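Everything numeric in this text was worked out from a predicted model, so none of it was measured. Within every chain, numbering begins at 1; the chains are lettered A, B, ... in the order of the sequence lines, protein sequences first and strands thereafter. Any value given below was found using the heavy atoms of this structure, including those in side chains, with hydrogens, waters and symmetry copies removed.
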Number of protein chains: 2
Amino acid sequence: MKRITIKDLAGLLNLSASTISRALSDHPDISDKTKQRVKEVAKSMHYIPNFTAKNLRTRQSGLIALILPELPMFFTQSLITAANEVVHNNGYNLVMLQTNNTFEKEKEIIEYCYTMGVDGVMLSLTEKSDNLNHLQILKRAQIPVVLLDRILVNNDFPYITIDGVKTAFTAIDHLIKKGHRNIVGFFGNLSLDMTRKRIAGFKKALKNNGIPYNPQQIICFDTPEEMDAAFPQIVKLMPETTAFFTMSDTLMVNAYHLIKKYKYQIPEDFALISISNGKAPNFLYPNVSHVLHSGYDVGQKACEVLLELINGHSKPDLKQVITTELVVAESV
Amino acid sequence: MKRITIKDLAGLLNLSASTISRALSDHPDISDKTKQRVKEVAKSMHYIPNFTAKNLRTRQSGLIALILPELPMFFTQSLITAANEVVHNNGYNLVMLQTNNTFEKEKEIIEYCYTMGVDGVMLSLTEKSDNLNHLQILKRAQIPVVLLDRILVNNDFPYITIDGVKTAFTAIDHLIKKGHRNIVGFFGNLSLDMTRKRIAGFKKALKNNGIPYNPQQIICFDTPEEMDAAFPQIVKLMPETTAFFTMSDTLMVNAYHLIKKYKYQIPEDFALISISNGKAPNFLYPNVSHVLHSGYDVGQKACEVLLELINGHSKPDLKQVITTELVVAESV
DNA sequence: AACGTAACCGCAATCGTTTGCGGTGGAAAA
DNA sequence: TTTTCCACCGCAAACGATTGCGGTTACGTT
């Protein structure tokens with residue numbers, strides 16, 4: 001079952017291998033009718049290029065890495081789908097790596113990418129990643145890196161993310177418009193740029209609506225367990241609370257669980273709104289209102305930027321922001 | 001930033017490239033002290049082998065495909081984690097593909113694997129895949145295929161799956177032991193071997209406990225919407241029902257949603273048990289009892305079998321069954 | 001002293017493509 | 001008729017590793 005090679009085609013057509021190669025890639029040195037003939041025969045013989053050989057010659061690996069903190073339930077699914085599509089359409093393969101949300105593993109994986117010689121990296125940081133020094137090895141090797149979703153604002157690497165301020169603002173503003181004035185917000189790790197942006201949006205919405213801001217309204221958790229432990233205190237200390245906001249699906253699901261556990265009703269006792277990828281809200285009952293954060297768009301944009309960087313055709317916008325959209329359900 | 005090559009090492013050590021190559025791979029022709037020297041210098045110079053060149057020479061691609069119907073919320077996460085680990089530890093890369101649960105896309109992706117020249121394929125079938133003819137192209141090309149999770153029993157390809165009969169039996173038996181005698185089971189597409197096995201387990205548990213079986217107790221759905229539509233009828237037609245069983249996380253989450261939607265309580269009005277990967281049950285309140293189906297084990301085993309097949313060292317067991325475990329929570 | 005035999009290592013081909021450069025032919029220009 | 005100049009194509013050397021085969025040593029055997 002040996003595959004047809006360029007040499008085989010050359011033999012069949014009485015041409016040289018170089019001509020075949022050039023014809024197949026539309027090199028201007030080759031006449032149109034020769035290109036025609038070559039392509040026809042290539043197709044009829046089911047010629048499939050040997051990517052390994054091509055990669056060897058062109059000093060590439062054909063691999064693009066997508067590094068995520070985890071392969072969690074919600075957000076990443078559509079992101080991966082999008083990345084897969086774009087990557088494959090451009091003749092690359094996507095290898096997915098997960099850091100398990102530890103900085104150590106993230107460093108390890110970056111090393112791995114280096115040794116594997118991937119052609120580009122898309123990276124969503126862990127909550128513990130407070131610097132980008134570990135990426136220098138890639139920068140020195142001229143391997144392009146694009147940060148996405150969980151990013152750190154910086155000047156070395158491009159990043160794709162959503163407008164955190166606006167997204168959180170939209171959610172909180174919706175709550176307020178629905179009459180809620182005592183809102184508690186659940187956020188993730190404060191070291192993440194994303195978290196800070198969303199907190200800013202939270203505050204901005206309050207301010208815009210003339211509602212005084214109380215620092216106790218904003219609570220950050222590193223783990224779900226912290227939230228489990230804190231929840232009873234929160235409802236006790238702030239009994240006037242009528243609504244919860246969560247900045248992610250993971251937090252939302254956990255908050256939902258806790259609200260139910262303590263026998264509260266949604267939306268009667270507490271309203272609930274979240275920033276979400278749109279899957280989890282529909283699993284729960286009642287469906288949860290959310291600001292839709294499309295993983296698909298993020299994945300797609302990140303790939304496109306990365307491919308531009310790899311192929312060096314043009315300089316893409318290095319800092320891009322994906323928009324979001326309010327989805328009203330029954331939880332508010 | 002050119003990387004160190006074998007030739008560079010050869011130059012440094014006054015040896016030939018072939019000797020370096022052999023020394024690094026512990027070829028018996030090379031003396032121990034030479035191996036020692038070579039390895040030391042290789043390490044100190046941070047030599048990294050060029051996988052592309054190696055793959056070209058050895059006619060491999062270094063790629064292993066993992067094809068899943070979707071990247072759904074629940075089951076696949078740990079499966080992917082496991083596959084990633086094993087694959088990387090053996091010097092391969094994992095490329096993940098998703099069929100979106102359509103047979104057409106599955107065929108397409110198989111073709112893609114063929115043209116990419118992957119070294120092996122792990123495949124979980126779609127619900128619509130009722131034959132394996134599309135895999136013949138891989139078989140002819142001698143590319144090993146391992147089926148996992150959603151399989152079709154056959155003689156051409158090895159498969160790794162869980163003991164569906166026993167797993168469903170365990171769940172139902174637990175319900176019965178807890179006093180439930182009128183149980184309705186929600187299942188997926190009947191064409192899947194998995195579904196039939198689990199139905200068999202369902203029936204077996206009833207029989208073993210001397211409970212008469214009523215065909216209406218078993219209901220198969222191709223889509224969540226079908227279940228949404230059927231649910232009200234079910235509770236009306238079988239008012240004596242006290243418990244629901246679902247054969248997957250997806251069905252379970254949907255059933256949970258419906259039970260809540262129609263204002264029933266869990267476990268007071270209906271008990272709920274499922275076969276699950278263990279994530280979703282803990283998101284919900286109350287936590288859902290389930291029979292734990294470890295995606296990790298399946299992924300790991302499948303990889304190991306595939307690697308055996310690729311490297312041809314030994315003949316692995318071609319038909320393996322992963323065990324499961326009952327996890328009791330508050331929903332029963 | 002001559003020979004056989006391991007143990008150890010190098011030569012050179014090979015995997016399938018890409019690509020710089022040089023060569024050919026024929027038509028247009030002189 | 002000779003020169004010039006494209007348009008088109010081939011030669012051969014890469015890319016970095018693996019591997020069959022053959023060649024050296026150094027040693028023990030007779």
### Query
At under 4.0 Å between heavy atoms, what does B/Asp32 touch on the DNA or RNA strands: base, sugar-phosphate, or nothing?
nothing

### B/Tyr47 vs D/dA17: side-chain N/O to OP1/OP2 distance below 4.0 Å
yes

### Query
When we call it a touch if two heavy atoms are under 4.0 Å apart, what does B/Asn14 touch: a base, just sugar-phosphate, or nothing?
sugar-phosphate

### Task
Give one of base, sugar-phosphate or nothing for B/Ile6, where a contact means two heavy atoms less than 4.0 Å apart.
sugar-phosphate

#### Entry: Whole-Å gap separating C1' (C/dT17) and CG (A/Leu9)
12 Å

### Message
Check this for me: does the side-chain of A/Thr34 come within 3.5 Å of the base of D/dC8 through a donor and an acceptor?
### Response
no

### Message
Counting the atoms with a prime plus P, OP1 and OP2 as sugar-phosphate, which does B/Thr5 contact under 4.0 Å by heavy atoms, base, sugar-phosphate, or nothing?
### Response
sugar-phosphate

### Query
Base, sugar-phosphate, or nothing: which does A/Asn50 touch, judged by heavy atoms less than 4.0 Å apart?
sugar-phosphate

### Task
Figure out the NE2/C1' separation between B/His27 and D/dT18, and round it to whole Å.
10 Å

### Task
Mind calculating the distance between CG (A/Leu15) and C1' (C/dT24) to the nearest angstrom?
15 Å

### Message
Do B/Thr34 and B/Ser31 pair up side chain to side chain, a donor and an acceptor below 3.5 Å, judged on atom types alone?
### Response
yes

### Query
Which nucleotide, D/dT18, D/dC9, C/dT17, lies nearest any side-chain atom of A/Ala53?
C/dT17

### Task
On DNA chain C, check which nucleotide each of A/Thr19 and B/Ile30 is closest to and give me the residue with the more 5' one.
B/Ile30

### Message
Check this for me, if you would: do B/Lys43 and B/Glu40 make a salt bridge, where the nitrogen-to-carboxylate-oxygen distance has to be below 4.0 angstrom?
### Response
no

### Query
Contact class for A/Ser21 vs. all strands (heavy atom < 4.0 Å): base, sugar-phosphate, or nothing?
base

#### Entry: Distance-only donor-acceptor test (3.5 Å): side chain B/Ser18, base C/dC11
yes

### Interatomic spacing from CD in A/Gln136 to NZ in A/Lys139 - rounded to 0.5 Å
6.5 Å

### Task
Flag yes if more than 12 heavy atoms outside A/Lys54 fall under 6.0 Å of its NZ atom; otherwise flag no.
no

### Message
What's A/Phe51 touching, base or sugar-phosphate or nothing? Going by heavy atoms closer than 4.0 Å.
### Response
nothing

### Proximity to the side chain of B/Arg57 - top-ranked nucleotide from C/dG10, D/dC9, D/dT19
D/dT19

#### Entry: base_contact_polar (D/dC9 base, A/Asp29 side chain, donor-acceptor, <3.5 Å)
yes

### Query
Using a cut-off of less than 4.0 Å, is there contact between a side-chain N or O of B/Thr52 and OP1 or OP2 of D/dC15?
no

### Query
Rounded to whole angstrom units, what separation is found between the CG atom of B/Leu13 and the P atom of C/dG10?
10 Å

### Query
Is NZ or CZ of A/Lys107 both nearer than 6.0 Å to the six-membered ring centre of A/Phe103 and within 45° of the ring axis?
yes

### Query
When we call it a touch if two heavy atoms are under 4.0 Å apart, what does A/Ile20 touch: a base, just sugar-phosphate, or nothing?
nothing

### Query
From D/dC11, D/dT18, C/dG16, pick the nucleotide closest to the side chain of B/Arg59?
C/dG16

### Task
Round to a whole Å and report the spacing from NZ of B/Lys7 to P of D/dA14.
8 Å

#### Entry: Test: B/Arg3 cationic atom under 6.0 Å from A/Tyr114 six-membered ring centre, within 45° of axis
yes

### Query
What's the CZ-C1' distance between B/Arg3 and D/dC15, to the nearest Å?
14 Å

### Spacing of A/Lys35 atom NZ relative to D/dC9 atom C1', expressed in whole Å
13 Å

### Message
What I want to find out is whether B/Asp29 reaches B/Lys35 closely enough, with some N-O distance under 4.0 Å, to be called a salt bridge.
### Response
no

### Message
Does B/Arg22 contact C/dG10 through a side-chain donor or acceptor facing the base, at a distance under 3.5 Å?
### Response
yes

### Task
Provide, to the nearest angstrom, the distance between the NZ atom belonging to B/Lys54 and the P atom belonging to C/dG16.
17 Å

### Message
Please confirm whether the shortest side-chain N or O distance from A/Ser16 to OP1 or OP2 of D/dG10 is below 4.0 Å.
### Response
yes

